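See structure below.
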Amino acid sequence: MSFRENLSYTTLLASARERTTYLTSQTLSLRGRAAAGAVGAAALGALTFGSAAAALADAGPQEVTTTAAVAGQAVGAGNAGEAAGLRPEQLPEKGERLAEKTETKATKEFAGKEANAAESSTVRSAAAANDVIELAKDQVGITEGKDGNTKFHKWYISSDAAQRTAERDGGSVSDYKGAQWCDMFISWVGEQTGARGMGADAYTVSHAEWFKDNDRWGTKARPGAVVFFNFDGDKSIGSIEHVGLVDKVNGDGTISTIEGNSNDAVEKRIRDNSEVVGYGYPEYRK
């Protein structure tokens, strides 16, 4: 290599090292690390191993790891470039293309790991049926205040669900103050336990329709199911008057339930199957 070519390579290396230092300062982002490694390694491809080690000396452990991983490919690309007659000034461009390819792969791998971690966290945090039943039982005995409100009203009015359902039904959030609250109670229990597929509503008919629309509606009782009632024998969803939570199936044609707004309080009840319109099934953890 002539003195002039060596000087060009040295200049190229200095530029690559300067860019590596700058990118490293940008919070070690994927693109910063990938681009720095690829550009630096591409320039190093035409140099000796000793020069490459010197170029990496200023990089931190994470940058060294990333650059080393890319360097093998980049050095090979540089040597191949020389064999193909590429000029020294063409090496950075080749390095940039390698950086983009490496970044895309790394980004996909990172995104996949993040998605899996989030999914695993969600699965772990999902409530079991017994979690919901026990929290509901803990509320037994709570009654309405003098203004007809409960803590379930207060929670629902402040929730995103209230805004959504008020707009849907053509009312306002303030309409929920002192309103019938059996479904607010069910919605509160679901939210507090993190139960998936529980839904949140203040209108029992709409809540039942939501379960049906999401293929989580049926006529079989099971502990933790959301049970919808009509006390006149009508089995249509539009006739639903009340909602509760199944505690247990008694095997004698009745179910034990926990219900909000039962005699203006949270109560345990025993209901006949003839009063049931249907059941909504949350996605409980097994």
Side-chain angles (χ1 to χ4, degrees), residues 119 122-123 125-133 135-136 139 152-153 155-157 159-171 173 175-176 179-251 253-262 266-286:
E119 183 177 355
T122 300
V123 171
S125 66
N130 192 60
D131 298 331
V132 175
I133 292 169
L135 180 60
Q139 313 311 307
F152 311 115
H153 289 85
W155 166 79
Y156 191 79
I157 288 169
S159 71
D160 292 338
Q163 185 65 45
R164 171 180 54 79
T165 57
E167 291 178 358
R168 177 197 66 199
D169 299 332
V173 171
D175 294 337
Y176 296 120
Q180 300 297 311
W181 52 279
C182 57
D183 212 355
M184 296 184 201
F185 167 69
I186 295 297
S187 300
W188 178 89
V189 171
E191 194 275 341
Q192 295 298 310
T193 56
R196 300 173 61 191
M198 191 82 159
D201 215 306
Y203 181 38
T204 53
V205 170
S206 292
H207 202 167
E209 289 174 340
W210 180 86
F211 276 113
K212 187 173 183 180
D213 291 344
N214 284 277
D215 297 321
R216 306 200 66 82
W217 177 259
T219 56
K220 183 177 180 179
R222 63 181 69 160
V226 179
V227 54
F228 294 87
F229 301 102
N230 174 275
F231 302 113
D232 298 320
D234 193 330
K235 297 297 183 180
S236 65
I237 287 180
S239 71
I240 291 171
E241 305 174 286
H242 187 57
V243 65
L245 185 74
V246 178
D247 178 13
K248 59 182 178 180
V249 181
N250 298 321
T254 67
I255 54 175
S256 295
T257 64
I258 306 112
E259 302 171 19
N261 198 29
S262 174
V266 179
E267 293 186 328
K268 293 181 179 180
R269 300 293 300 264
I270 294 179
R271 299 289 191 181
D272 192 275
N273 290 344
S274 64
E275 299 174 320
V276 175
V277 174
Y279 300 90
Y281 306 118
E283 300 174 47
Y284 289 130
R285 185 182 74 244
K286 300 299 185 182

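What you see is a predicted model; the values in this text were computed from it and never measured.
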Kindly say whether [Y] contributes a backbone atom to a donor-acceptor pair with the side chain of [X] at under 3.5 angstrom?
X: Arg222; Y: Tyr281; answer: no
X: Asp234; Y: Ser236; answer: yes
X: Arg285; Y: Ala126; answer: yes

Subject >> Parallel, tilted or perpendicular: ring planes of His242 versus Phe231, cut at 30 and 60 degrees >> reply: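 Tilted: the ring planes of His242 and Phe231 meet at 30° to 60°.
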**OP:** May I ask you to decide if the ring planes of Phe211 and Phe228 are parallel, tilted or perpendicular, using 30° and 60° as cut-offs?
**Re:**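 Taking Phe228 first and then Phe211, their aromatic rings stand perpendicular (interplane angle over 60°).
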Spacing of [X] atom [atom1] and [Y] atom [atom2] [to the nearest 0.5 Å]:
X: Leu245; Y: Ile186; atom1: CG; atom2: CD1; value: 5.0 Å
X: Glu275; Y: Ile255; atom1: CD; atom2: CD1; value: 9.0 Å
X: Lys235; Y: Ile237; atom1: NZ; atom2: CD1; value: 12.5 Å
X: Glu241; Y: Asp232; atom1: CD; atom2: CG; value: 5.0 Å
X: Asp183; Y: Ser206; atom1: CG; atom2: OG; value: 9.0 Å
X: Glu191; Y: Tyr156; atom1: CD; atom2: OH; value: 12.0 Å

**OP:** Might you work through the side chain to side chain contact (heavy atoms under 4.5 Å, CB included) test for Asp272 and Phe229, ending with a clear yes or no?
**Re:** CA-CA 10 Å; Asp272 192 275; Phe229 301 102; over 6 Å; no
[X] to [Y] - nearest heavy-atom pair and separation:
X: Ser256; Y: Ile270; answer: OG-CG1, 4.1 Å
X: Asp247; Y: Ile258; answer: CB-CD1, 3.8 Å
X: Ser187; Y: Ala200; answer: OG-CA, 3.3 Å
X: Gly224; Y: Ala129; answer: CA-CB, 4.2 Å
X: Ser239; Y: Asn230; answer: O-ND2, 2.8 Å
X: Cys182; Y: Gly260; answer: CB-O, 3.3 Å

Subject >> side chain to side chain contact (heavy atoms under 4.5 Å, CB included) assessment of Thr165 paired with Arg168 >> reply: CA-CA 5 Å; Thr165 57; Arg168 177 197 66 199; 3.8 Å; yes
Original post:
Just one of Trp155, Tyr203, Phe152 clears the ring-ring contact (aromatic ring centres under 6.0 Å, His included) bar with Trp181, so which one?
Top reply: Phe152
Would you check if [X] and [Y] make a side-chain contact, meaning some heavy-atom pair closer than 4.5 Å?
X: Pro223; Y: Ile133; result: yes
X: Met184; Y: Asn261; result: no
X: Leu135; Y: Gln192; result: yes
X: Asp201; Y: Trp210; result: no
X: Ser159; Y: Trp188; result: no

Original post:
Just wondering, are more than 12 heavy atoms of other shown residues or ligands nearer than 6.0 Å to CD in Gln180?
Top reply: no
Original post:
Do other residues, nucleotides or ligands put more than 12 heavy atoms under 6.0 Å from Asp213 CG?
Top reply: yes
Original post:
Can Met198 and Tyr284 be said to form a side chain to side chain contact (heavy atoms under 4.5 Å, CB included), step by step?
Top reply: CA-CA 9 Å; Met198 191 82 159; Tyr284 289 130; 4.0 Å; yes
**OP:** Assess whether side chain to side chain contact (heavy atoms under 4.5 Å, CB included) is satisfied between Arg269 and Ser262, documenting all intermediate values.
**Re:** CA-CA 9 Å; Arg269 300 293 300 264; Ser262 174; 2.8 Å; yes
